[in-house]
Amino acid sequence: MFMKLTTVLEEKVKEAVQSIFGQELPAVEFQPTRKDFEGDITVVVFPMLRVVKGNPVAIGTQIGEYLVENVEEVAKFNVVKGFLNLVVSDAYYINFFKSILAVEQFGYAPANSKDAVMVEYSSPNTNKPLHLGHIRNNLLGYSVAEILKAAGHKVYKTQIINDRGIHICKSMLAWQKFGKGETPDSSGLKGDHLVGKYYVAFDKVYKAQIAELISAGKTKEEAEKEAPILLEAQEMLRKWEAGDAQVVELWKMMNGWVYKGFDTTYENLGVDFNQLYYESDTYLLGRDVVQDGLEKGVFFKKEDGSVWIDLTEDGLDEKIVLRSDGTAVYMTQDIGTAIQRVTDFPDINGMVYTVGNEQDYHFKVLFLILKKLGYSWADKLYHLSYGMVDLPSGKMKSREGTVVDADDLIQNMEDTAAEISQELGKLDGYSDTEKQALYRTIGLGALKYYILKVDPKKRILFNPEESVDFQGNTGPFIQYTYARIQSILRKANELNLDLTVAVTSVHPKEKELLKQLELFPNKVQEAAENHSPALVANYVYDLVKEFNSFYQQVSILGEEDTQIKAFRVNLSKKVADVIKDAFLLLGIHVPVRM
RNA sequence: GGUCGCGUAGCUCAGCUGGAUAGAGCAUCUGCCUUCUAAGCAGACGGUCGAAGGUUCGAAUCCUUCCGCGAUCACCA
C-alpha cells in the first residue's frame, strides 16, 4: 500500500522528537524545498521550538540523522538555519508513480463520496444577449461545479432564468411598436440579439422622451418616471401579471427566440445545466415562508403592513421581505427558491450561487435569514462572488452598446486561433472540419484560461484591442504541451515498447515532474474548498512548465536504455492525462495536434 | 458617511491558514530548430509587496490607522 510522503514523515518526525527529546509534537510543518537548496521536502524547525528548547540547527540536524537512519524514504538531509531539507529517495517516487500509473483520472476523488451540492450560475435576463460579464460567470460556475464533482461531490448545475419583469416588457413593447413583425427567421438575426436590438430601441426612445420632458420644464427625476413609453411598459407588465392573453403570447414568443439564442451560446461555450428554474414560476414563492417567519418572530410587521427583518445585531440593517401591498421582493423570491430547491432535490446539502460581487450584501442577508429561519443547510450556502469585467472605457452597459458580446468574442478568439495556426502551418493532413474544430478548441482555451486563471474576487480589465495572448501563461501554451506529448505517444506506440516500469533511479527533471504530479489530488480538494478554478489553472501551468523543461533537456524516444525510455514515455503519458483532467475542470479541451 | 472587496516588476497575474534571497508571463535584450511539435527552452533586465505603526524568533501574508480604486447601503432586480 502506498502512503503519502507527508503522512509518513509527519509520523516519523514526531517519533524522532519523542525519541531524542522526549517531547510530544502537536504538528509538523512541511513546505517544498526551495530550488536553490538540495532536497525535495523541507521540515520547518522553528515551530518546534515551543516544545523543544534549543538551537534550531542542532535540533534539525538530530532529527535529520534520525530520519535518514529510520525512514527508508529519506536518503539525505541538510540543515540551513531552521530548515531541515530532506532528499527523498528515488525509490519513493518510483513507487508513487507505479501506484498511480493505472489510475483513471488520478487526482479525482471517488464520485459521490461527498454531499450533493447545487451550483447556480448564468441566470441571465431574457431581454438581451449574453456578454463578457456573463462569460466570466458561466466559466466560473461551470468550472467550480466540475471541480466540486472531481472533489467527490454530487453536483446539480442550475440557473434561474429571469424571464419576467420590466426589462423584458421594454423589449416586447419596442418590438410591438417598431418591429413590423420582424423575427429571427425574417431578419437572419440570432433570437437573443434580435430581442436585444429592441431593448436598445426602447432605451433610445425613452431617452429622447426624457430629454423632451426636461426641456418642457420637468426635473430629471420626474421625466424619468413619466416618460410615456416607460408608462406603457409598466402597463404591459401589469397586464402580464394579470395573465393578459395577448401579452403572454408575445412574451412566450420573444422568450422563445431568446432561449434558442442562449442555447447556441451555451453550447459554443461548452456549459450545461441539469435543472432550469424560471422566475415566472418562482416569483411568487417565499410569501408563505415569510408568514411562517412572522409567527416565529424572525420577522416583524410595520404599521403599513410591510414585513421586515432586523439584522442590526448582526451588524447589518433592517431589510424588507414583503411589501406593504403583500407582494414579494427579490429577497422573498430568493428565500422561496432556495427552499424549493431543497424540496426538489432532498439530497442537496449546500448551494453555490455564482453572482457578481455587487450582490455581496444581498447574499449575506439571504443566508442570514435562512439561518434564522432554522434551515440546517443554511450554513452550507456559498456566494461565489466575483469581480466585474471592466473595459478600458469603464463599465459595460448593454443599453449603450458598450458591451463585448459573448458570441462575437468567441468568434474572434476562434479567428485569432485560426490565423496563428495557419502561420505556423503544422496542420497538414487535417480536413477543413478538423481544422475548424481545432481553432474552436484553441480559441476557447485561450479565452477560458485567460479568465479562469485570475482569482474570482478580483476584477478583470479586458481590453478588446489587445487580443488575448497565445504564448506564455496561456491556455494554448498548455494545450500545445499536451499535443506535443501526444505526438510522442503516437511515435512510441509504433515502437511497441514494453511499458513496464522497471527503472530504479530517476533523472532530476523526472523527479521534479513526479513531485508536481503528487500535488494534484490535494490541489483538486483545495480548489473545491476555495471555490477557485484559479488554483487548478496555476497548478497545470506549473506542471506544464516543468514538463517542457524536462522535454528540452532529456531525450525521450532518443534514449538508448529501453527501461528508461519506457519510463519516460509512461511519465509523459501521465503528465498528459493530468493536463487533460485538470483542464476538464476548467471546461477546456485539449487537442491531439496543433 | 457605514459596510465589504481590491492595491505585489512598465503591463497581466501567482504567492496571502506567518517561514529561507518575493515568483511567472507579456514587453525589452542574449543564446538555442540537419535530434521527440520553437504556441517551446535557457538566460539578462526589471520590486521601498499602496503608506505608517504594531504582534512575532520571523510579516507581502495577521492586527490598527491612513491613502487610492471599486461595490453596496431602494416597498429595483
Side-chain angles (χ1 to χ4, degrees), chain A residues 29 31 33-37 42 44-47 49-50 56 80-83 85 123 125 162 164-167 279 283 302 304-308 315-317 319-331 333-334 356-362 364-365 385 387-388 390 395 417 420-421 423-424 426 442 446 450 453-455 457-463 466 468-481 483-492 530 534-535 537-539 541-542 544-545 547-559 565 568-569 572 593-594:
Chain A
E29 195 180 323
Q31 65 186 58
T33 305
R34 290 182 67 105
K35 288 250 197 269
D36 0 305
F37 301 98
T42 294
V44 188
V45 178
F46 296 109
L49 299 178
R50 292 194 185 92
V80 181
K81 296 193 221 167
F83 299 93
N85 302 318
S123 302
N125 291 347
N162 300 304
R164 51 137 253 133
I166 191 70
H167 49 84
E279 200 196 345
Y283 80 110
K302 290 196 175 174
D304 61 4
S306 59
V307 180
W308 297 70
L316 305 173
D317 301 321
K319 192 82 190 173
I320 189 162
V321 292
L322 215 54
R323 294 191 186 102
S324 50
D325 62 5
T327 56
V329 293
Y330 183 43
M331 188 64 74
Q333 283 180 53
D334 270 6
N357 63 10
E358 58 205 348
Q359 294 195 37
D360 283 355
Y361 185 74
H362 173 77
K364 207 180 263 184
V365 172
S385 162
M388 296 290 103
D390 290 325
K395 223 177 162 175
I420 295 174
S421 295
E423 267 172 40
L424 294 172
K426 298 180 185 177
I442 298 172
Y450 177 83
K453 76 171 183 186
V454 181
D455 182 339
K457 61 177 181 285
K458 291 194 177 174
R459 50 187 215 116
I460 290 182
L461 185 77
F462 186 87
N463 189 345
E466 299 167 14
V468 174
D469 278 333
F470 283 67
Q471 280 174 0
N473 187 358
T474 67
F477 164 59
I478 292 163
Q479 291 172 319
Y480 171 75
T481 305
R484 212 181 205 186
I485 297 175
Q486 297 312 306
S487 170
I488 292 175
L489 296 179
R490 281 190 295 272
K491 288 182 176 148
N530 293 296
L535 295 177
N538 287 310
Y539 166 78
Y541 177 65
D542 288 339
V544 159
K545 269 192 69 88
F547 181 83
N548 279 315
S549 176
F550 159 77
Y551 175 89
Q552 211 81 26
Q553 206 169 110
V554 300
S555 183
I556 299 167
L557 297 176
E559 171 61 41
K565 191 199 286 189
R568 288 183 181 160
V569 168
S572 301
R593 276 179 65 183
M594 72 184 273

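Chain identifiers are assigned alphabetically (A, B, ...) following the order of the sequence lines, protein sequences preceding nucleic acid strands; residue numbering begins at 1 within each chain. As a basis for the values below, the full set of heavy atoms in this structure was taken, side chains included, without hydrogen atoms, waters or symmetry mates. None of these values were measured; they are calculated from a predicted model.
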Visitor: Could you tell me whether the side chain of A:Asn125 and the main chain of A:His167 form a donor-acceptor pair under 3.5 Å?
Guide: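 No.
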
Visitor: With rounding to the closest Å, how many angstrom separate the C1' atoms on B:U28 and B:G46?
Guide: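 Nearest-Å result for B:U28 against B:G46 at atom C1': 10 Å.
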
Visitor: Pull out every protein N or O sitting under 3.5 Å from an N or O of nucleotides 6-8 of chain B, one pair per line with the distance.
Guide:
unit_1: B:G7; atom_1: OP1; unit_2: A:Lys458; atom_2: NZ; d: 3.1

Visitor: Tell me yes or no: between the side chains of A:Tyr330 and A:Gln359, is some donor less than 3.5 Å from an acceptor?
Guide: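 Yes, A:Gln359 and A:Tyr330 have a side-chain donor paired with an acceptor closer than 3.5 Å.
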
Visitor: With a 4.0 Å cutoff (strictly under), does any side-chain N or O of A:Arg34 reach OP1 or OP2 of B:G19?
Guide: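 No, A:Arg34 has no side-chain N/O under 4.0 Å of OP1/OP2 on B:G19.
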
Visitor: Has A:Phe37 got its ring stacked on B:A20, by the test of a centre gap below 5.5 Å and a plane angle below 30°?
Guide: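 Given the distance and angle limits, yes, they stack.
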
Visitor: Take the protein atom CG of A:Leu461 and the nucleotide atom C1' of B:C26, then report the distance between them rounded to whole Å.
Guide: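 For the pair A:Leu461 CG and B:C26 C1', the rounded distance is 15 Å.
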
Visitor: Say we look at B:A22 and B:U35: how far apart would their P atoms be, to the nearest angstrom?
Guide: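 One P to the other, the span is 40 Å.
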
Visitor: Please state the P separation for the pair B:A27 and B:C4 - nearest whole angstrom.
Guide: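 Taking atom P in both B:A27 and B:C4, they lie 41 Å apart.
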
Visitor: I want to confirm an ordering. Mapping A:Tyr330 and A:Thr42 to their closest nucleotides on RNA chain B, which one lands closer to the 5' end?
Guide: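 Comparing both residues, the 5'-ward one is A:Thr42.
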
Visitor: Aromatic contact between A:Phe470 and A:Tyr480, with the criterion being ring centroids under 6.0 Å apart: yes or no?
Guide: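 No, too far apart.
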
Visitor: In this structure, how many angstroms lie between the C1' atom of B:U3 and the CD atom of A:Gln359, rounded?
Guide: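 From A:Gln359 CD to B:U3 C1': 17 Å.
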
Visitor: Flag the pair A:Val80 / A:Asn85 as yes when at least one side-chain heavy-atom distance between them is below 4.5 Å, and no otherwise.
Guide: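 Result yes, sub-4.5 Å side-chain heavy-atom pair found.
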
Visitor: Would you say the side-chain atoms of A:Arg593 pair up with the backbone N or O of A:Lys426, donor to acceptor, closer than 3.5 Å?
Guide: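 It does hold such a pair.
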
Visitor: Syn or anti for B:C33, given that syn means the glycosidic angle lies within 90° of 0?
Guide: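 What B:C33 shows is a syn base, its glycosidic angle lying within 90° of 0.
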
Visitor: Rounding to an integer number of angstrom, what distance separates B:C6 and B:A14 when you compare their C1' atoms?
Guide: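 The answer is 16 Å between these two C1' atoms.
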
Visitor: Look at all strands and tell whether A:Asp334 reaches a base, only sugar-phosphate, or nothing, counting heavy atoms closer than 4.0 Å.
Guide: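 Contact class for A:Asp334: none.
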
Visitor: Between B:U12 and B:G47, how many Å separate the two C1' atoms, rounded to a whole number?
Guide: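 It comes out at 16 Å once rounded to the nearest Å.
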
Visitor: Kindly compute the distance separating CD1 (A:Ile488) from OG (A:Ser572), expressed to the nearest 0.5 Å.
Guide: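 Nearest 0.5 Å value for the CD1-OG distance: 5.0 Å.
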
Visitor: With rounding to the nearest 0.5 Å, note down the distance linking CG in A:Asn548 to CD1 in A:Ile485.
Guide: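 A:Asn548 CG to A:Ile485 CD1: 8.0 Å, rounded to 0.5 Å.
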
Visitor: Which whole-number value in Å describes the distance from A:His362 NE2 to B:A71 P?
Guide: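 Taking NE2 of A:His362 and P of B:A71, I get 19 Å after rounding.
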
Visitor: Using a heavy-atom cut-off of under 4.0 Å over every strand shown, decide if A:Gln31 touches base, sugar-phosphate, or nothing.
Guide: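 Base, at least one base atom sits under 4.0 Å.
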
Visitor: Do you know the tightest heavy-atom contact between A:Thr327 and A:Leu322?
Guide: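 Where A:Thr327 meets A:Leu322 most closely, the heavy atoms are O-CD1, 3.6 Å.
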
Visitor: Looking at A:Trp308, does the NZ or CZ of A:Lys302 lie under 6.0 angstrom from its six-membered ring centre and within 45 degrees of the ring axis?
Guide: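 The answer is yes; both the distance and angle limits are met.
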
Visitor: Please give, in whole Å, the distance from B:G15 P to A:Tyr541 OH?
Guide: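 Rounding to the nearest Å, OH of A:Tyr541 and P of B:G15 are 14 Å apart.
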
Visitor: Between A:Asp36 and A:Arg34, does at least one N-O distance fall below 4.0 Å, as a salt bridge requires?
Guide: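 Result for this pair is yes, salt bridge flagged.
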
Visitor: How long is the line joining CG of A:Asn125 and C1' of B:C76, in whole Å?
Guide: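 Those two atoms, CG and C1', are 12 Å apart.
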
Visitor: Grab the CG-P distance between A:Leu49 and B:C57 for me, whole Å please.
Guide: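 Answer to the nearest Å: 11 Å.
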
Visitor: Regarding A:Pro47, tell me which of base, sugar-phosphate or nothing describes its non-hydrogen contacts under 4.0 Å with the strands shown.
Guide: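 It contacts base atoms.
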
Visitor: Would you call the rings of A:Tyr541 and A:Phe477 parallel, tilted or perpendicular, taking 30° and 60° as the class edges?
Guide: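 The arrangement is perpendicular - the two ring planes meet at more than 60°.
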
Visitor: Can you tell me if A:Arg568 uses its side chain to pair, donor with acceptor, with the backbone of A:Ser555 under 3.5 Å?
Guide: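 Flag set: sc A:Arg568 to bb A:Ser555 pair under 3.5 Å.
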
Visitor: In whole angstrom, give me the gap between the C1' atoms of B:C11 and B:C45.
Guide: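 Taking atom C1' in both B:C11 and B:C45, they lie 15 Å apart.
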
Visitor: For A:Asp469 and B:U12, what is the distance between atoms CG and P respectively, to the nearest whole Å?
Guide: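 Those two atoms, CG and P, are 13 Å apart.
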
Visitor: Mind checking if A:Arg50 touches a base, just sugar-phosphate, or nothing, with heavy atoms under 4.0 Å?
Guide: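 Base, at least one base heavy atom under 4.0 Å.
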
Visitor: For B:G68 versus B:G54, give the span between their C1' atoms, rounded off to a whole number of Å.
Guide: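 These two C1' atoms come out 23 Å apart once rounded.
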
Visitor: Kindly say whether, by distance alone, the side chain of A:Glu279 makes a donor-acceptor pair under 3.5 Å with the base of B:A77?
Guide: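 Absent.
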
Visitor: Would you kindly say whether A:Asp469 and A:Thr474 are connected by a side-chain donor-acceptor distance under 3.5 Å?
Guide: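 There is no such pair (donor and acceptor under 3.5 Å, judged by atom type) between the side chains of A:Asp469 and A:Thr474.
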
Visitor: For the residue pair A:Asp334 and A:His362, confirm or rule out a side-chain donor-acceptor distance under 3.5 Å.
Guide: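 Per modelled atom types, A:Asp334 and A:His362 side chains form a pair under 3.5 Å.
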
Visitor: Rounded off to whole Å, could you give me the OH-to-P distance for the A:Tyr361 and B:C76 pair?
Guide: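 Going from A:Tyr361 (OH) to B:C76 (P), I get 16 Å.
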
Visitor: Check for me: is A:Phe46 stacked on B:G19 by the 5.5 Å centroid and 30° plane-angle rule?
Guide: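 Yes, A:Phe46 stacks on the base of B:G19, since the ring centres sit under 5.5 Å apart and the planes are within 30°.
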
Visitor: Please encode protein proximity along nucleotides 34-47 of chain B as a string of B, S and -, counting only heavy-atom distances under 4.0 Å.
Guide: --BBSBBSS-----

Visitor: Below the 4.0 Å mark, does B:A77 have OP1 or OP2 next to a side-chain nitrogen or oxygen of A:Arg323?
Guide: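 For A:Arg323, the contact criterion (side-chain N or O under 4.0 Å from OP1 or OP2 of B:A77) is met.
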
Visitor: Determine the Euclidean distance between corresponding P atoms of B:U64 and B:C69; express it in Å to zero decimal places.
Guide: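 Each nucleotide's P atom is 22 Å from the other's.
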
Visitor: In dot-bracket notation, what is the pairing pattern of RNA chain B, taking Watson-Crick (N1-N3 plus N6-O4 or O6-N4) and G-U wobble (N1-O2 and O6-N3) contacts under 3.5 Å, with [ ] crossing and | for other strands?
Guide: (((((((..((((.....[...)))).(((((.......))))).....(((((..]....))))))))))))....

